[in-house]
Amino acid sequence: MRAAVLEDYGEPLDIRDVDAPDPGPEGAVVELEACGICRSDWHGWQGDWDWLGIQPQPGQILGHEPAGRVVAVGDDVENVAEGDSVTVPFNLGDGTCPQCRTGHGNVCENVRPLGFVESVPGAFAEQLRVPVADQNAVSLPDGVSPVDMAGLGCRFMTSFHALAHRADVGGGDWVAVHGCGGVGLSAVHIASALGGNVVAVDLEDGKLEKANELGASETVNASEVENVPGEVKAITNGGATVSVDALGIATTCRNSVMSLATHGQHIQVGLSTQDEGGEVSLPTDLMVMQEIEFIGSLGMPPTDYDEIFRMVGDGKLDPSAVVSETVTLDDVSSRLEAMSDFGTMGIPVIDSF
Ligand SMILES: [Zn+2]
Ligand SMILES: [Zn+2]
């Protein structure tokens, strides 16, 4: 089968033939119909995240936002069958640890990020092996296209979990979203659907216009104001109730914390870059004085997808609204290169392998 393989960090992926996967006793093989291209892939392509032990090594197939049809299942698989349309959360769980058994598979004690480590080759390929398919394959509802589901695969569900489960967004609460890439635009859309009044922050007017389309009440172009937190506090008359760092650099993380009102909640969904190496300094005294919460959020448990599907079915959420373009497997490297200059909008999705 064809696959896009990492050879050297920052160099074009090598499109070549590799062996097709075998489901194994507990796994399934999915014929891919769509796969999103994500800033997390860009991080892996850059060689980031060695500080987390998930730096992809040469030979790795990247790609972690898949949607497709099951073409083979192992003998021990009970809940997934050939012909099913599925997506796969990037945060693969083992299905057996205490976290998986209590509905928190996104923080499985043996979590493996799809497409980042050797044991779980990713979805920039014609076929994908889903390990522990009963845990990690999520069946799709009728009437949702694979492209929309690929868009939902990582950034949309990550934002949903962050805002619907980890944060406490109430009707009319001010929600600030710092960074309007794929995960940020998803957060704007979801926070708005959950009843929040959204302030979107980015450096580019085009992304802020898209944020407006997706429900943002107010926007801040961070390249045009000296004091981003001050601007958010002025707009919100004292600070946001919930603020999201949807990028993962020191500036957006600190701006997010400092945009909050007393008792505000900062949600960290972006992982950091080589510049931060996994650590950001924060105004801890201010956080104490204002009883500000710092909340980490990773992906989403596979058991919670039905909540998104119900809101999509009811028209409250539309994952296709953040899908910006469809491309082919051969275009992946050019999309990753464009991300170096923040040159992509929303979520590019591969629909031809
Ligand atoms: Zn992703
Ligand atoms: Zn587990």
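Atoms within each ligand, like the ligands themselves, are counted from 1 in listed order.
- Under the 4.5 Å side-chain criterion, counting only non-hydrogen atoms from C-beta, Arg254 is in contact with Ser281.
- Within the structure, every pair that satisfies the side chain to side chain donor-acceptor pair (under 3.5 Å) test and touches residues 184-211, not counting sequence neighbours, is listed here: Asp205-Asn221.
- Within the 2.8 Å limit, Asp41 places no N, O or S atom next to the Zn ion (ligand 1).
- For Cys154 atom SG and Cys38 atom SG, the angle they make at the Zn ion (ligand 1) is roughly 130°, to 10 degrees.
- Listed by chain and residue number, Gln127 satisfy the side-chain hydrogen bond (donor to acceptor under 3.5 Å, both in side chains) test with Glu31 (two or more places apart in sequence, or in another chain).
- Counting only distances under 2.8 Å, and ignoring water, the protein N, O or S atoms around the Zn ion (ligand 2) are Asp94 OD1, Cys97 SG, Cys100 SG, Cys108 SG.
- Classified by interplanar angle (parallel below 30°, tilted 30° to 60°, perpendicular above 60°), the ring pair His43/Trp49 is parallel.
- With no hydrogens or angles considered, a side-chain donor-acceptor pair links Asp94 and Asn110 at under 3.5 Å.
- For the residue pair His266/Ser243, the side-chain donor-acceptor check at 3.5 Å is not satisfied.
- The atom of Glu65 nearest to the Zn ion (ligand 1) is OE2, with the search restricted to N, O or S atoms.
- Judged as a side chain to side chain donor-acceptor pair (under 3.5 Å), the pairs with a partner in residues 295-313 (not counting sequence neighbours) are, in order, His165-Glu307.
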